[in-house]
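Please read the structure below before turning to the comments.
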Amino acid sequence: MKTISSPLLSSFTDVTAVFTTRHGGISKPPYTSANLAFHVGDNPMDVVKNHDLLAEKLGYTRQSLIHMRQIHSDQIILVNETLNFDTPPECDALITNRPHTPLMVMSADCTGILIYDPVEKAIGVVHAGRAGALNSILQKTIKTMEKAFGCMPNNLRILFGPSIGGCCYEINEMISAECENKGYSNALRREDKKLFLDVNTILLQQLKEMNIPLEHIEVMRECTSCKSDEYFSYRADNQHTGRIAGLIILR
Ligand SMILES: [Zn+2]
């Protein structure tokens, strides 16, 4: 299972944080090959095997992994001992301060985000597409980490995984108007008669509002649509595709 990591989080010894690509698994087309999502029509046995390959590579047991039934909401779940691999909650963010409890966010164009607090020893994952970003899911997750674990926002390290860029994410006038109304016109780009949105620009503006230091943020800047040979892309792959994942574990 091929994974990529970031300098921002790999310097810490008590956390493991990676994103997967579409390579190194056993799923067949159009899920070739490292699909990690059960809801996309892939053979469940293959998806389980892909999860086992990742778990083996990173040194955790599959049953300890918490993933989500993602619904483009602003629902955040505080992970406790009642959850396991077979009981993914319906939400778009997970937070925990429990060691050895891997958290996973899946995506195919949306931004998967990993959060780590080296002071309070807490972690979080966030699924932020356009809807989630406009619903402030990232800001709400940070506020929930503050409340639950006493995290100071300026201590957090925040990593954005591969996602569709403003180069490829075409939107309609209605969505464009909504972004403008909410104060995100800098995330919009007009080219000829087409409109494009850069969701990461919205998310970065929201982090700025929360005074997160720039040097605590890293954006992988890999466009899933431009690089659909490397990542799954809902748009570039005509909706029938797998999901990559962002994964973070407190050791
Ligand atoms: Zn692109």
Side-chain angles (χ1 to χ4, degrees), residues 1-9 17-25 27 29-37 40 42 70 72 92 104-114 125-138 158-180 182-208 214 217-247:
M1 177 83 42
K2 183 180 171 190
T3 56
I4 52 173
S5 53
S6 88
L8 179 78
L9 293 177
V18 301
F19 281 88
T20 64
T21 72
R22 64 184 301 159
H23 299 300
S27 291
Y31 311 104
T32 24
S33 61
N35 169 50
L36 292 164
V40 294
D42 194 0
Q70 298 168 183
H72 299 277
D92 288 275
M104 176 177 280
V105 52
M106 297 187 208
S107 63
D109 286 345
C110 289
T111 307
I113 302 168
L114 308 181
V125 293
V126 179
H127 169 244
R130 167 182 51 85
L134 290 175
N135 241 326
S136 305
I137 174 101
L138 178 55
I158 300 175
L159 174 63
F160 291 14
S163 66
I164 191 166
C167 40
C168 293
Y169 186 19
E170 191 178 346
I171 55 164
N172 61 30
E173 292 283 352
M174 204 177 76
I175 293 168
S176 167
E178 186 186 357
C179 294
E180 268 179 32
K182 293 195 166 166
Y184 302 118
S185 45
N186 61 335
L188 299 166
R189 182 173 65 86
R190 198 177 278 274
E191 189 182 299
D192 300 325
K193 283 184 177 152
K194 291 179 175 175
L195 280 161
F196 295 88
L197 173 65
D198 190 74
V199 173
N200 285 348
T201 301
I202 297 178
L203 296 166
L204 288 170
Q205 186 172 324
Q206 293 172 340
L207 291 181
K208 195 176 169 192
L214 262 183
I217 303 168
E218 189 176 314
V219 179
M220 283 185 161
R221 297 207 187 282
E222 295 274 278
C223 173
T224 44
S225 178
C226 288
K227 292 197 172 176
S228 59
D229 55 340
E230 192 63 21
Y231 308 104
F232 295 113
S233 173
Y234 187 78
R235 291 196 159 215
D237 300 333
N238 285 322
Q239 305 179 10
H240 297 293
T241 195
R243 297 291 181 271
I244 61 162
L247 179 121

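Both ligands and their constituent atoms are indexed starting at 1 by order of listing.
- The backbone N or O of S228 sits less than 3.5 Å from a side-chain atom of R22, completing a donor-acceptor pair.
- The one candidate from Q70, R243, R130, H72 that meets the side-chain contact (heavy atoms from CB on, under 4.5 Å) condition with C110 is H72.
- Put simply, the side chain of P162 reaches to within 4.5 Å of the side chain of I4, judged on heavy atoms.
- For the Zn ion (ligand 1), protein N/O/S neighbours under 2.8 Å (waters excluded) are C167 SG, C168 SG, C223 SG, C226 SG.
- Residues T241 and P30 form no side-chain contact, since every pair of their non-hydrogen atoms from C-beta on lies 4.5 Å or further apart.
- Taking 4.0 Å as the cut-off between side-chain N and carboxylate O, K2 and E230 count as a salt-bridged pair.
- In this model, no donor atom of one side chain and acceptor atom of the other lie less than 3.5 Å apart for T201 and N186.
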